[in-house]
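Structure, as structure tokens:
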Amino acid sequence: MENYNQTSTDFTLLGLFPPSRIGLFLFILTILIFLMALIGNLSMTLLILLDTRLHTPMYFLLSQLSFMDLNYISTIVPKMASNYLFGIKSISFIGCGVQSFFFLTLAGAEPLLSASMAYDRYVAICFPLHYAIHMSKRVCVLMITGSWVVGSINSCAHTAYLLRIPYCRSRAINHFFCDVPAMVTLACMDTWVYEYTVFVSTISFLFFPFIGITYSYGRVLFAVYHMPSSEGKKKAYSTCSTHLTVVTLYCAPFAYTYLHPRSLQSPTEDKVLAVFYTIITPMLNPVIYSLRNKEVMGALRRNIQRIFFVKV
């Protein structure tokens, strides 16, 4: 078997869309979702930055989630779109490493930040008198910084490994971005040790935060259940169930892809599942976490009035 590791040799991304009318339709739909995610997350980040009434721990964390989603989807879709439009499916070795680094950083940081947001709601509802202490500005900064730093460290380790292993098969990656499972299949060495580290990382960055999120929202629902206000109960149930649904849409496909044995993986299945955590979830987050929120909509109206001097 030929063994080479030429860092100057490009990879080829086989892409997501078939060369047909259906493929063109799916491409247009993806671009529309990308634009919605771009506008939604950028608007939320700027709105929370500009409106002083939203300068609270909850919205501070939410602005970071929007910022992460903005970068997350921008790491994947523009390259995929340009490859489809111009028919150039190649991506340089270094470019693939850079894309993989940013993707893994954001993929690891987002569940940690989501867990921080769930903890914020848990403290606010279950321990309202201690909220200012447990969710001070310093604590928020530490949560956000910790999410970015831990995600970056994990990403550095995986990216460094992917860039140094020898690739001896075709460099055609059967995916629409440089995803770890798709790249590992091209290696010409036994990667079982690395696959075990991927398993451990996935458990650490997805399952543990998901357990924390579920526990926090479970305690919130338990506390709300004992409140006399039926309207408050309805709102809490709706909010918690919706947030858990979005988190599940992100974590479940990601976990299935990264924990599935390589021998049983299907490239088509992996690409379809990847759409959920790379494209759909970043579009849903600003809608679920923000546009259904009365305070956010009020801030939006105030800023529109300030800019255009009209009563909305």
Side-chain angles (χ1 to χ4, degrees), residues 10-18 23-24 26-42 45 65-111 113-114 148 151-152 154-155 158-159 162-163 171-186 198 202 205-206 246 249-258 265 267-287:
D10 292 349
F11 286 103
T12 299
L13 295 172
L14 298 185
L16 177 64
F17 311 110
L24 179 61
L26 293 175
F27 170 76
I28 294 172
L29 181 62
T30 300
I31 294 301
L32 291 176
I33 293 174
F34 170 71
L35 292 176
M36 290 173 60
L38 201 67
I39 294 170
N41 287 296
L42 183 59
T45 304
L65 179 66
S66 294
F67 181 69
M68 283 184 181
D69 282 335
L70 183 65
N71 286 276
Y72 199 177
I73 198 167
S74 297
T75 300
I76 306 297
V77 175
K79 177 61 179 174
M80 177 182 66
S82 65
N83 284 359
Y84 180 81
L85 285 175
F86 301 107
I88 304 173
K89 297 185 177 182
S90 64
I91 182 171
S92 68
F93 187 86
I94 298 301
C96 198
V98 171
Q99 186 185 60
S100 180
F101 170 77
F102 282 108
F103 164 72
L104 291 173
T105 297
L106 294 162
E110 183 157 324
L113 185 65
S114 296
W148 280 104
S152 298
N154 175 70
S155 178
H158 286 290
T159 304
L162 292 173
L163 291 180
R171 286 183 178 244
I173 301 175
N174 197 355
H175 216 300
F176 56 91
F177 69 101
C178 296
D179 198 17
V180 171
M183 293 182 69
V184 169
T185 59
L186 305 180
V198 171
T202 304
F205 282 89
L206 290 182
V246 174
L249 279 175
Y250 178 86
C251 291
F254 204 122
Y256 181 83
T257 300
Y258 276 68
Q265 286 179 351
T268 301
E269 186 179 71
D270 288 348
K271 285 190 282 188
V272 172
L273 290 174
V275 170
F276 283 92
Y277 56 81
T278 60
I279 299 174
I280 294 179
T281 302
M283 181 270 293
L284 287 178
N285 278 341
V287 176

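Only a predicted model underlies this, so the values are computations on that prediction, with no experimental measurement involved.
Tyr72 contributes atom OH, which lies 11.5 Å from atom CG of Leu65 (distance to the nearest 0.5 angstrom). Interatomic distance, CZ of Phe102 versus SG of Cys178, reported as 13.5 Å (0.5 Å rounding). Interatomic distance, CD1 of Ile280 versus CG of Asn285, reported as 12.0 Å (0.5 Å rounding).
Here the side chains of His175 and Pro181 are not in contact, with every heavy-atom distance at 4.5 Å or above. Here the side chains of Ile91 and Gln99 are in contact, with some heavy-atom distance below 4.5 Å. Looking at Phe34 and Met283, their side chains never come closer than 4.5 Å, going by heavy atoms from C-beta outward. With contacts defined as side-chain heavy-atom distances shorter than 4.5 Å, the pair Asp69/Ile73 does not qualify. In this structure, the side chains of Val275 and Phe176 come closer than 4.5 Å at one or more pairs of heavy atoms. In this structure, the side chains of Val184 and Leu162 come closer than 4.5 Å at one or more pairs of heavy atoms. Between Leu16 and Lys271, the closest side-chain pair of non-hydrogen atoms falls below 4.5 Å. Taking the side chain as every heavy atom from C-beta outward, Ile39 and Pro286 never approach each other to under 4.5 Å.
Of all heavy-atom pairs spanning Pro282 and Asn41, the tightest one is O-ND2, 2.9 Å. Taking all atoms of both residues into account, the shortest heavy-atom contact from Asn174 to Pro267 is ND2-CB, 3.1 Å. Leu206 and Ala255 make their closest contact through CD1-N, 3.7 Å (heavy atoms, listed as atom of the first residue, atom of the second, distance). Residues Asp10 and Ser92 approach most closely at OD1-CA, 3.3 Å, considering heavy atoms. Here the shortest heavy-atom pairing between Leu106 and Tyr250 reads O-OH, 4.3 Å. Taking every heavy atom of both residues into account, Ala172 and Leu186 meet most closely at O-CD2, 3.8 Å.
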- Under the side chain to side chain contact (heavy atoms under 4.5 Å, CB included) rule, what do Leu70 and Leu38 come out as? Steps first, then yes or no, please. CA-CA 6 Å; Leu70 183 65; Leu38 201 67; 3.3 Å; yes
- Test side chain to side chain contact (heavy atoms under 4.5 Å, CB included) on Leu284 and Leu249 and set out the steps. CA-CA 10 Å; Leu284 287 178; Leu249 279 175; 3.9 Å; yes
- Query: Does the side chain to side chain contact (heavy atoms under 4.5 Å, CB included) test come out yes or no for Tyr256 and Leu273, once each step is laid out?
  - Reply: CA-CA 8 Å; Tyr256 181 83; Leu273 290 174; 3.3 Å; yes
- Task: Any chance you could lay out the side chain to side chain contact (heavy atoms under 4.5 Å, CB included) test for Thr105 and Phe101, step after step, and finish with the verdict?
- Result: CA-CA 6 Å; Thr105 297; Phe101 170 77; 3.7 Å; yes
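The closest donor-acceptor contact from the side chain of Thr278 to the backbone of Ala274 lies under 3.5 Å. In this structure, Thr281 contributes its side chain and Phe276 its backbone to a donor-acceptor pair below 3.5 Å. Checking side-chain atoms of Ser152 against main-chain N and O of Trp148 turns up a donor-acceptor pair under 3.5 Å.
The environment of CZ in Phe11 is crowded: more than 12 heavy-atom neighbours from other residues, nucleotides or ligands sit within 6.0 Å. When the shell of 6.0 Å around CZ of Phe27 is examined, it contains more than 12 heavy atoms from other residues, nucleotides or ligands.
The closest side-chain donor-acceptor pair between Asp270 and Tyr258, if any, does not fall under 3.5 angstrom.
Under the 30°/60° scheme for interplanar angles, the aromatic rings of Phe254 and Tyr277 are found to be tilted.
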